[in-house]
Structures are given as structure tokens and as C-alpha cells.
There are 2 protein chains.
Amino acid sequence: MVSIKDIAKSLGVSTATVSKALNNKIGVSKEIRLRVLNKAKELGYITNNLARGMKTSKTFTIGVLISDITNPFFSEVILSMERVLYAKKYNLIICNVGENSEREREYLELLVSKKVDGIIAAPTADGQNMSVYRNLIRHGMKIVLFDRLISKIETDFVVIDNKAAIYDVVRYLAKMGHRKIGVIYGIESSYTGCERLKGFREAVKDLGLESHEEWIKSGYFMESESHKCALDILKEKERPTAMIATNDFTTLGIMRAAKEIGLKIPRDLSVIGFDDLEWMSIYSPPITTISQPTDVIGMSAATLLLDRIENNDTRRPRHVILKATLIERESVSKIQTRNV
Amino acid sequence: MVSIKDIAKSLGVSTATVSKALNNKIGVSKEIRLRVLNKAKELGYITNNLARGMKTSKTFTIGVLISDITNPFFSEVILSMERVLYAKKYNLIICNVGENSEREREYLELLVSKKVDGIIAAPTADGQNMSVYRNLIRHGMKIVLFDRLISKIETDFVVIDNKAAIYDVVRYLAKMGHRKIGVIYGIESSYTGCERLKGFREAVKDLGLESHEEWIKSGYFMESESHKCALDILKEKERPTAMIATNDFTTLGIMRAAKEIGLKIPRDLSVIGFDDLEWMSIYSPPITTISQPTDVIGMSAATLLLDRIENNDTRRPRHVILKATLIERESVSKIQTRNV
DNA sequence: AACCTCCAAGAAAACGTTTTCAAGACAATA
DNA sequence: TATTGTCTTGAAAACGTTTTCTTGGAGGTT
């Protein structure tokens, strides 16, 4: 590989001069700068970013830590992050940690060993690595959390108002006449899992709907598990008239269960999905769903981080809380209430 | 940050000794090795991989170049790659280039400046950067291509037999009695786009089916465009009895068009999708589709690359060609042929 | 002619590792 | 005792940059 030294030698100047020319720094005459630039192109010179990183302690690399890139929610958020980061010449190391906190720890260490300029993370559910995150922050690592957050950590984050999202959905169902509502929630120990469940319980209580513990089950944010739970719920003698999903996998699980049992949507069962995937709008019937603003989430997270990095912004943590929106389609039926 | 120097100083030994101890090299006594390891843990030492990379010219980083991480095909392949690479301590820099070859070139340069150990890429459609790839290979960069490939480049690749996949589908439709078949293909200048289209044309010719240029349109691998094309095709006075998609976005486009026009599947129109996404099996009716073995694709690509890197394997290029499979569900109807 | 000022240019140090090589300690053998 | 061998240790160079600081020359002013 051709290095600055090679350019310097072939031009009979010093490496210092070449470096300055290449980086548009002052202290080089127009003439020499031009000759350096030309020679660099001629030789096909490409910066060695490891060496540069060593000197400048800046790598223009951001670590992104998520549970599953296969989940459209995450891949959409990442796309949006990349858009803003790429414009500023940063790029991403993406780490898939599943729900494995051991792996999360390993990846975090890897990211610091790679000297990333910052980290954007959706922590694993169990919060095992709280102390790791805290340590990183204490050592000056810039961290932005998103989707899930760890309550006792002082750092920027961007989330949606999960509780309100589900609360609103329950209210909507109630308005449509539903009094028996089931939910497949996620991982109870995770922020999103917990908040969404809370929203559900609160709404059911506030609105005086039927409360039935058997209609509330954890699908661990997985299709197979959600499918099993939904089957259990829908096969009971007294089953809910509406089911709420709490992520895109649980939506699929519910739908598959309904299909297997032969329940027609929305005639026999109303369903509200989570996350707005393209197939939902062409499904028969089109699925009413809660939509997270993935683009805004990604953009905000990236912008917050960039702010910390570039402006060395060290004010106290900023919290971006976004609203999810209900997209009304046709998977919810109106139920006639006898006594109105 | 604590460095090897710090450990050395606090223990009164040399950095050479510390390095050897940390890396399990010979030439250090048991006693000192133990003391180094303990001290490292105590101080919270983390390797600086930039510095290490400089010396060893190895970064344990692989660049992955794709068009769109939001496409489930790619995210599944990446997940599979990551599984095998993570096990060997490598990690991934993922580059989303859209279909933008300028961006592809920039990202390729970035990857070499970051000194990645190898690159796995699905090149952009237009093949603009053929010379860039060729140059990289000539300079010793290990490259594995997947999904799409650039014909005149001598390197490892893994693809599916695209032509055969579509050919088989057409044959299947013919067997079901269809003689009027339409297709929404991808980007004609891309490998996948071109091959899939070729398979279609060949099959139609070989099997003596009705050939109608108006039923063959390019959806550019995008939902919106595919939708428009499908609409055009399905609104003609004489429309095909079956439509074939050539990636997951075209599938959606066709489905949406059919829905809008009010064509019942499979009664009024048979549809064959591409890529097997989870929603397809719970759709009504479940969609018959061509499934690519994403896990094998990812695994093979990663393994090929690892082989080149770790064994410095320099034999001639190896080609992995996989078969796509047709998953028969219920979106294709049987048509009675009059004269049998 | 003497003295400044300005600026281009280069020498050298530094970033944090790994690796080579020489030196020294000790034991074993002749 | 002298010689050889084995093994632990450290000094120093190197990877490819950036950056600081010094130098020296050109040009301008008294």
C-alpha cells in the first residue's frame, strides 16, 4: 500500500508537508499542494484510518447495538440513522446481540477497543449490563439509548411513549364497544415490555373493562411464543373480542393463531397490530396498527449523538419522547353494546 | 484510558512482557503472566485495536456492502453472516448503498481506509464500479460477492440459480394450466434482474406459452413502481391469469394492485411471490412463493471469505450456486384446459 | 546595512501496540 | 572449571499518521 512516506519520497518533500497538503491545512504553498494532490491520485493513495485514528483519537465510527437486525423496526431505524451519519462522514458498526447480555457486554468492549466515537444502543431486556453502560459513560464515552432504556442511567435517549400508545389503543377499542380485551406483551423485564403492559392494565382499570388475567400473556417478542399464547387465549371458553399486539412478531403470532382456529377478522376477533409493516395494508382485512415513527427515532438518536461528539456538548442528558400513532384500518369491528 | 505502558509501569516490567502475557505468547514466566493478567483486570485495561491493527495489519473487521438493509432478504443474510463471523471474533461494518454506485465507490474506499480484512458485497446494479472491484482484488483485498455478481470479475461468489428458479416457476404454472403469465422483473442491468427475466422468457418460449410483451414490466425492485406496473398489466383488456414476482417488493406491489382492482386470489389471478417472508404464510390465501436459502447464502459467503483470510487461500475463485425452492401454498389456481 | 516579520518547509516526537533481537541468569554437561 | 544450552526479560524499532516546534529564506521597513 502506498503511504504518505511514498508520496513524500517521490516528490522530495517531507511527510509533514504531504500531510498538511492532503488535509487542506495551512503552511503549504499552492504549488506544492497541487503537486502532492496529483501525485496522491496518481499513486492511488488511500488514507490509513488506523494510523490517523491513533493520532487524532477520532475514528468517525459509531457503534450500534440492537437485538435483531431482522426485525423491521430496527432495520428501519438503522437506515434512518445511517442517512444522517453518512452525511457527516461517520459510519456504523452494527452489533446484533439477540437478547443475550453476555454478548452485549462483549460487543460493548469490542466497540471501545475499536475506539468508536460514540454508541447508539437498545439495551438487552434484563438490564444486566447497567454497570457496564454506566462505566462507559463515566469514562467519557458518548452514548445514546433508544427504544429501550435503563432507568437509572444518566444519558441521552429517545423512546416512544409506550404506555400512552397502548392506553390509547385500549380506549379506542372501548369506544368501538369492546369490553373484553386480550394482549400479548413482550419481555416483562424490558422497558418496552413493561411500559406497554402497564399502559394496558391502567387503561383496563380506568375504563372499567373486564379484567381477565388469562387474557394477558407474554410472547417474549417472538412469533412462535406469541402464537402459542394467542392460541391459549383464543381457545378458552370465554375469549376476548379483541387482541392487542405489542410488537411486529406478536402481531404475526396472533394472526396465525386466529387463522388456525378459524376466527374471521374482524367479525370474530378484532386485532390491533404493532409497527406498521407494508403487508399490513394489503392484508384482508387491512390491519389497524400502532405505528412507531422509525425514521424520526433514528434521526433523533443520531443527531443527539452527533451533537455530543462534534460540539463536545456536555450539558445534562436530553430525552426525546415521541408519540406512536394509531393507524385505523379494518381489523377492528364495532360491537353493539346493549345498554347505551 | 489505561494502556499496556500503565500496566508495565505499575508492575515494574517492560511493555514487551506485558504484551506477551496478555496475548498468551511464550517467553513469560507463569508468575509474571498471572500478575499481569490480574493487574490488567484491576485497571480495567482494554486493548487498543487501532494500535494493534497497525502492527499486525489485521483488524478482525469485515465490510459488508448491500443495497438496502430494510430488505428482509439482506437483513437475514447479514444475520447469518454475523453468526459465523462473530464466532471467529470478526465483526461487521455494514454499508447501505442504495442503488447508488457513487456511494458504493465511496464506501469501498472507506472500507480499505479502515483496513478491513475482507469485503462481502452485493454490488450495485449498474456495475459501474467493476474496475474498482478489480483493482481491490489485484491489490490483495479478499472479496466475496453474493446475490448479484459482476461477470468479468475473478473472485469467490455465492448466488442462487436465478434463471432456473423462475424457469421452474413458469413450468409449475404451466402444469397448473396457465398459459398467460405476466412478470414484474427487477433492474434489467443487474445480475439478478437480468437472469430472472431470462429464465422467464426462456421458459415461456420452451413451453410454448402465450408471449405478450405488455405482461413483462420492470418494477425496479421497488414496491411503488411494481404496483404501478402491475396495475397497467392487470387493467388491460386481455390480462394474464398468473403473475410472477421477482423480489419481495414486487410481490407486495402485485398484491396491492390486485387488491385495488378487486381481483380475488387465486380465483381471478394466481400469484407467485419471491422470498419467503413470514406474513406470506398467514395471508389469505397463503402465498405460494420462491424461497431463497438466506441462511445458507450468508453462511457460505462468510465461510468462503474466512477461508481466504485465515488460510491465506489463494487458489482460483470458488463459486457457490444454490437452488431456490418453490413453496407451494394456495395462491395459484388450477385452470381447466379445454383440449387435454 | 541592519533589523523585523512572515511564512513555507522539515525534523522529530508521539499515538499504543507487537516483535525481533540481544543480554543475562541459571542449569546441565563435558 | 569451562562450555553449551535453555529460558526469561527488556530495549528498541516499527506500523502510518498528525502536530509541534525550529529553521531559514524572502521581502519589507527603517
Side-chain angles (χ1 to χ4, degrees), chain A residues 1-37 39-40 43-61 89 109-117 139-140, chain B residues 1-37 39-40 43-61 89 109-117 139-140:
Chain A
M1 275 289 89
V2 19
S3 70
I4 280 191
K5 221 184 278 177
D6 299 316
I7 300 180
K9 207 173 295 173
S10 90
L11 245 40
V13 300
S14 75
T15 61
T17 304
V18 174
S19 175
K20 285 178 216 159
L22 253 20
N23 293 304
N24 253 323
K25 292 261 165 78
I26 53 166
V28 196
S29 67
K30 274 219 175 62
E31 191 229 332
I32 293 216
R33 162 160 299 148
L34 205 68
R35 283 174 55 207
V36 167
L37 259 30
K39 186 56 95 178
L43 300 180
Y45 169 76
I46 294 182
T47 310
N48 180 331
N49 272 330
L50 296 185
R52 173 180 287 172
M54 284 227 61
K55 280 303 290 181
T56 61
S57 38
K58 185 134 177 43
T59 56
F60 282 93
T61 308
K89 302 289 175 205
E109 180 166 334
L110 191 105
L111 290 177
V112 347
S113 83
K114 286 241 158 98
K115 299 289 163 190
V116 295
D117 296 332
H139 281 77
Chain B
M1 274 289 91
V2 18
S3 71
I4 280 191
K5 222 183 277 178
D6 300 316
I7 299 180
K9 206 174 294 173
S10 90
L11 246 40
V13 299
S14 75
T15 61
T17 303
V18 174
S19 174
K20 285 178 216 158
L22 252 22
N23 292 302
N24 251 323
K25 291 262 165 79
I26 53 166
V28 196
S29 66
K30 274 217 176 63
E31 191 229 332
I32 294 216
R33 162 160 297 147
L34 204 68
R35 283 174 54 207
V36 167
L37 259 29
K39 186 56 95 178
L43 299 180
Y45 169 76
I46 294 182
T47 310
N48 180 330
N49 272 330
L50 296 185
R52 174 181 287 173
M54 284 227 62
K55 280 304 290 181
T56 61
S57 37
K58 185 132 178 45
T59 55
F60 282 93
T61 309
K89 301 289 175 206
E109 180 167 333
L110 191 106
L111 290 178
V112 347
S113 83
K114 288 241 157 100
K115 299 290 163 190
V116 294
D117 296 332
H139 280 78

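Residue numbers begin at 1 in each chain, while the letters A, B, ... track the order of the sequences.
- Shown for residues 12-19 of chain A: residues whose heavy atoms fall under 4.0 angstrom of DNA chain C, namely G12(A), V13(A), S14(A), A16(A), T17(A).
- Chain A approaches DNA chain D over the interval dC15(D) to dT19(D), counting the first and last nucleotide 5' to 3' with an atom under 4.0 Å from its heavy atoms.
- Within the structure, salt bridge (charged side-chain N to carboxylate O under 4.0 Å, His left out) pairs that include any residue of residues 43-60 of chain B comprise K58(B)-D117(B) (at least two apart or interchain).
- Backbone-only contact: K25(B) has heavy atoms under 4.0 Å from sugar-phosphate atoms and none from a base.
- If one axis is set at each end of the helix from dA1(C)-dT30(D) to dA30(C)-dT1(D) from five pairs, those axes are 60° apart, to 10°.
- Atom P of nucleotide dC7(C) and atom CD of E31(A) are separated by 18 Å, given to the nearest angstrom.
- Using a 4.0 Å heavy-atom criterion, one finds that I26(A) contacts no nucleic acid atom at all.
- Qualifying side-chain contact (heavy atoms from CB on, under 4.5 Å) partners for S14(A), counting only residues two or more places apart in sequence or in other chains: A16(A), T17(A).
- Qualifying side-chain contact (heavy atoms from CB on, under 4.5 Å) partners for T61(A), counting only residues two or more places apart in sequence or in other chains: T59(A), N91(A), I93(A), V116(A), K114(B).
- Every residue meeting the salt bridge (charged side-chain N to carboxylate O under 4.0 Å, His left out) condition with K39(A), not counting sequence neighbours, appears here in chain and number order: E42(A).
- By the salt bridge (charged side-chain N to carboxylate O under 4.0 Å, His left out) test, K20(A) pairs with no residue at all, sequence neighbours left out.
- Toward the 5′ end of DNA chain D lies the nearest nucleotide of V28(B), the other residue of the pair V28(B) and A51(B) mapping further downstream.
- Counting any heavy atom pair closer than 4.0 Å across all strands shown, N23(B) reaches sugar-phosphate atoms only and no base atom.
- Listed by chain and residue number, E106(A), F60(B) satisfy the side-chain contact (heavy atoms from CB on, under 4.5 Å) test with K89(B) (two or more places apart in sequence, or in another chain).
- Judged as a ring pair (Phe, Tyr, Trp, His ring centres under 6.0 Å), and not counting sequence neighbours, Y45(B) has no contacts.
- Between L50(A) and G53(B), the closest heavy-atom pair is CD1-C, 3.8 Å.
- With sequence neighbours excluded, the residues satisfying side chain to side chain donor-acceptor pair (under 3.5 Å) with S113(B) are N49(A).
- With sequence neighbours left out, S19(A) forms a side-chain contact (heavy atoms from CB on, under 4.5 Å) with I4(A), N23(A).
- Side-chain contact between M1(B) and H139(A) is present, with heavy atoms from C-beta onward closer than 4.5 Å.
- Between the C1' atom of dA8(C) and the NZ atom of K20(A) lies a distance of 8 Å, rounded to the nearest Å.
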